[in-house]
Amino acid sequence: MIRFVTETGSTNTDLASELRAGMAVPEGEWLVADRQVSGRGRQGRAWFDGYGNFMGSTVVHLSPRDPNPATLALVAGVAAYEAVSGVLADPSLLKLKWPNDILLNGKKLAGILCECIAQSGYTPAVIVGIGINLNHTRFPENIQDIATSLKLETGKNVNRTELALSLLQNLDSEYEDFLQGKMENLIRKWTEQSDMFGKTVTVNQKGKTLTGVAMGLNPQGKLILQTPDGKQHLLDSGELLATGATGKTTSD
Ligand code: BTN
């Protein structure tokens with residue numbers, strides 16, 4: 001089920017408030033907004049409110065048997081990738097960027113914000129918020145060089161409802177793999193749609209940067225980064241600052 005609202009602050013914030021107020025927000029239900037006046041991105045950033053874009057959130061109720069909840073961002077990334085690639089004649093320039101972005105032609109097309117909400121008397125829930133730039137063509141000056149939309153890249157309008165339905169179906173199917181612990185399927189799909197592996201990358205983690213070769217994702221969805229001293233670091237969050245050439249994996 002999809003609840004559409006014409007305007008709200010943030011669909012993530014709305015679902016968080018409902019959960020904190022003890023309201024039942026069933027899995028599979030979505031809140032989708034035409035406008036978000038206080039849309040939120042990762043790391044405290046704002047998310048641009050572009051009319052005609054997809055901005056929606058849903059809830060996952062965690063069970064103690066579930067795999068690492070951090071991998072829900074990968075579930076959402078693969079589902080969003082599949083929905084978007086379905087409307088592109090040539091999806092070869094569509095790439096997943098660790099940890100939670102989708103790039104088209106090197107610019108940000110979509111982002112995912114997963115937030116864990118503690119609930120008294122219940123296991124925690126994760127709110128999965130997805131923003132996909134569909135039909136908006138004017139971005140604020142500070143992001144116009146790094147953001148894009150499907151309309152900007154293809155010249156065509158995208159039917160938001162059709163894309164939302166495809167996203168929901170894909171998310172259901174990827175989430176099923178998550179529930180069944182089929183992490184290898186999820187990691188394989190994510191890895192196939194990213195071009196960062198084998199390359200030298202720089203990751204910012206809370207102000208500290210680490211440069212090394214992106215070796216892959218481990219079964220818990222953590223990025224394996226090998227630094228020149230040969231050490232392998234497992235990163236579960238951070239920001240990819242730069243992706244360079246195909247890297248060496250040793251210090252020599
Ligand atoms: C990012 O790339 O920084 C994550 C962006 C997430 C944006 C979506 S839009 C729907 C949901 N509501 C929000 O306030 N944020 C997420």
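All residue numbers refer to positions in the sequence shown, counting from 1. Fair warning: this is a prediction, and the values are worked out from it, not measured in the lab.
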Stepwise side chain to side chain contact (heavy atoms under 4.5 Å, CB included) check, Leu94 with Leu103
CA-CA 6 Å; Leu94 188 68; Leu103 306 186; over 6 Å; no

Stepwise side chain to side chain contact (heavy atoms under 4.5 Å, CB included) check, Tyr81 with Lys95
CA-CA 8 Å; Tyr81 180 96; Lys95 299 287 171 204; 5.8 Å; no

Pair Ile146-Lys108, side chain to side chain contact (heavy atoms under 4.5 Å, CB included): steps then yes or no:
CA-CA 6 Å; Ile146 54 168; Lys108 182 152 168 170; 5.8 Å; no

For side chain to side chain contact (heavy atoms under 4.5 Å, CB included), just list the numbers for Met196 and Trp98, CA-CA rounded to whole Å, side-chain angles, deciding distance to a tenth of an Å, and then say yes or no.
CA-CA 8 Å; Met196 66 185 278; Trp98 185 85; 3.4 Å; yes

Show your reasoning for whether side-chain hydrogen bond (donor to acceptor under 3.5 Å, both in side chains) applies to Gln180 and Lys182.
CA-CA 5 Å; Gln180 291 181 19; Lys182 294 185 184 165; 3.1 Å; yes

Could you go step by step and tell me if Glu115 and Arg40 meet the salt bridge (Lys or Arg N to Asp or Glu O under 4.0 Å) rule?
CA-CA 11 Å; Glu115 297 179 297; Arg40 294 187 293 110; 2.7 Å; yes

May I have the step-by-step check of salt bridge (Lys or Arg N to Asp or Glu O under 4.0 Å) for Lys206 and Glu239, ending in yes or no?
CA-CA 9 Å; Lys206 295 181 185 142; Glu239 176 145 31; over 6 Å; no

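A donor-acceptor pair is defined here as one N or O able to donate and one able to accept, closer than 3.5 Å; no such pair exists between the side chain of Asn133 and the backbone of Ser149. A donor-acceptor distance shorter than 3.5 angstrom exists from the side chain of Asn100 to the backbone of Ile112, with no hydrogens or angles considered. A donor-acceptor pair is defined here as one N or O able to donate and one able to accept, closer than 3.5 Å; such a pair exists between the side chain of Asn68 and the backbone of Gln220. In this structure a side-chain-to-backbone donor-acceptor pair under 3.5 Å is missing from Thr148 to Leu109. A side-chain donor-acceptor contact under 3.5 Å links Ser17 to the backbone of Thr13. Without hydrogens or angle criteria, Asn53 side chain to Leu134 main chain gives a donor-acceptor distance under 3.5 Å. With hydrogens and angles ignored, the 3.5 Å screen pairs a side-chain donor or acceptor of Asn218 with a backbone N or O of Gly221. Of the possible donor and acceptor atoms, none in the side chain of Asp101 sits under 3.5 Å from a partner among the backbone N and O of Lys97. Formation of a donor-acceptor pair under 3.5 Å by the Asn204 side chain with backbone atoms of Gly238 is not found in this model. Checking side-chain atoms of Asn135 against main-chain N and O of Val158 turns up a donor-acceptor pair under 3.5 Å.
Taking the side chain as every heavy atom from C-beta outward, Leu74 and Ile187 approach each other to under 4.5 Å. Taking the side chain as every heavy atom from C-beta outward, Gln36 and Trp47 approach each other to under 4.5 Å. You'll find the side chain of Glu82 stays beyond 4.5 Å of the side chain of Gln193, heavy atoms only. In this structure, the side chains of Gln232 and Leu225 stay at 4.5 Å or more apart for every pair of heavy atoms. You'll find the side chain of Val5 stays beyond 4.5 Å of the side chain of Arg35, heavy atoms only. Side-chain contact between Trp30 and Ile130 is present, with at least one heavy-atom pair separated by less than 4.5 Å. The shortest distance between side-chain heavy atoms of Leu179 and Asp66 falls below 4.5 Å. Using a 4.5 Å heavy-atom threshold, the side chains of Ile143 and Asp145 count as separate.
In terms of heavy-atom proximity, Asp34 sits nearest to Thr6 at CB-O, 3.1 Å. Heavy-atom minimum distance, Ser10 versus Ser38: CB-O, 3.5 Å. In this structure, Ser57 and Thr11 approach most closely via the heavy-atom pair OG-OG1, 2.7 Å. Of all heavy-atom pairs between Gly181 and Glu184, the closest is O-OE1, 4.2 Å. Between Val203 and Leu235, the shortest heavy-atom contact is CG1-CD1, 3.8 Å. Scanning all heavy atoms of the two residues, the minimum distance from Gln144 to Lys107 falls at O-NZ, 3.7 Å.
To the nearest 0.5 Å, atoms CG (Asp177) and CG (Asp172) are separated by 12.0 Å. For the atom pair OG1 (Thr58) and CG (Leu168), the distance works out to 7.0 Å, reported to the nearest 0.5 Å. Separation of atoms CZ (Arg42) and CG (Leu113) is listed at 8.5 Å; rounding is to 0.5 Å. Separating the CG atom in Leu88 from the CG atom in Leu104 is a distance of 6.0 Å, to the nearest 0.5 Å. Atom-to-atom distance recorded for Asn185:CG and Glu176:CD is 12.0 Å, nearest 0.5 angstrom. How far CG of Leu217 is from OG1 of Thr71: 10.5 Å, rounded to the nearest 0.5 Å.
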With a 3.5 Å cut-off and sequence neighbours excluded, list the donor-acceptor pairs that the side chains of residues 207-214 form with protein atoms.
from	atom 1	to	atom 2	distance (Å)
Thr211	OG1	Thr202	OG1	2.9

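For His233 and Thr227, the side-chain atoms include at least one donor-acceptor pair closer than 3.5 Å.
Residues forming a ring pair (Phe, Tyr, Trp, His ring centres under 6.0 Å) with Phe48 (at least two apart in sequence, or on another chain): His136, Phe139.
A 6.0 Å sphere centred on CZ of Phe4 holds more than 12 heavy atoms belonging to other residues, nucleotides or ligands.
Side-chain heavy atoms closer than 4.5 Å link hydrophobic residues (I, L, V, M, F, W, Y) into clusters, and following such links, possibly through other members, connects Val128 to Ile102. Hydrophobic clustering, with ILVMFWY side chains joined whenever heavy atoms are under 4.5 angstrom apart, keeps Leu150 apart from Met55. Grouping the Ile, Leu, Val, Met, Phe, Trp and Tyr side chains by contacts below 4.5 angstrom, directly or via other members, places Phe54 with Leu165. Leu15 and Val126 fall into different hydrophobic clusters, where Ile, Leu, Val, Met, Phe, Trp and Tyr side chains are chained together by heavy-atom contacts under 4.5 Å. A single hydrophobic cluster is not seen to contain both Val201 and Leu234; linkage of ILVMFWY side chains at heavy-atom distances under 4.5 Å, directly or through other members, places them apart.
A salt bridge between Glu18 and Arg3 is present, with a side-chain N of the basic residue lying under 4.0 Å from a carboxylate O of the acidic one.
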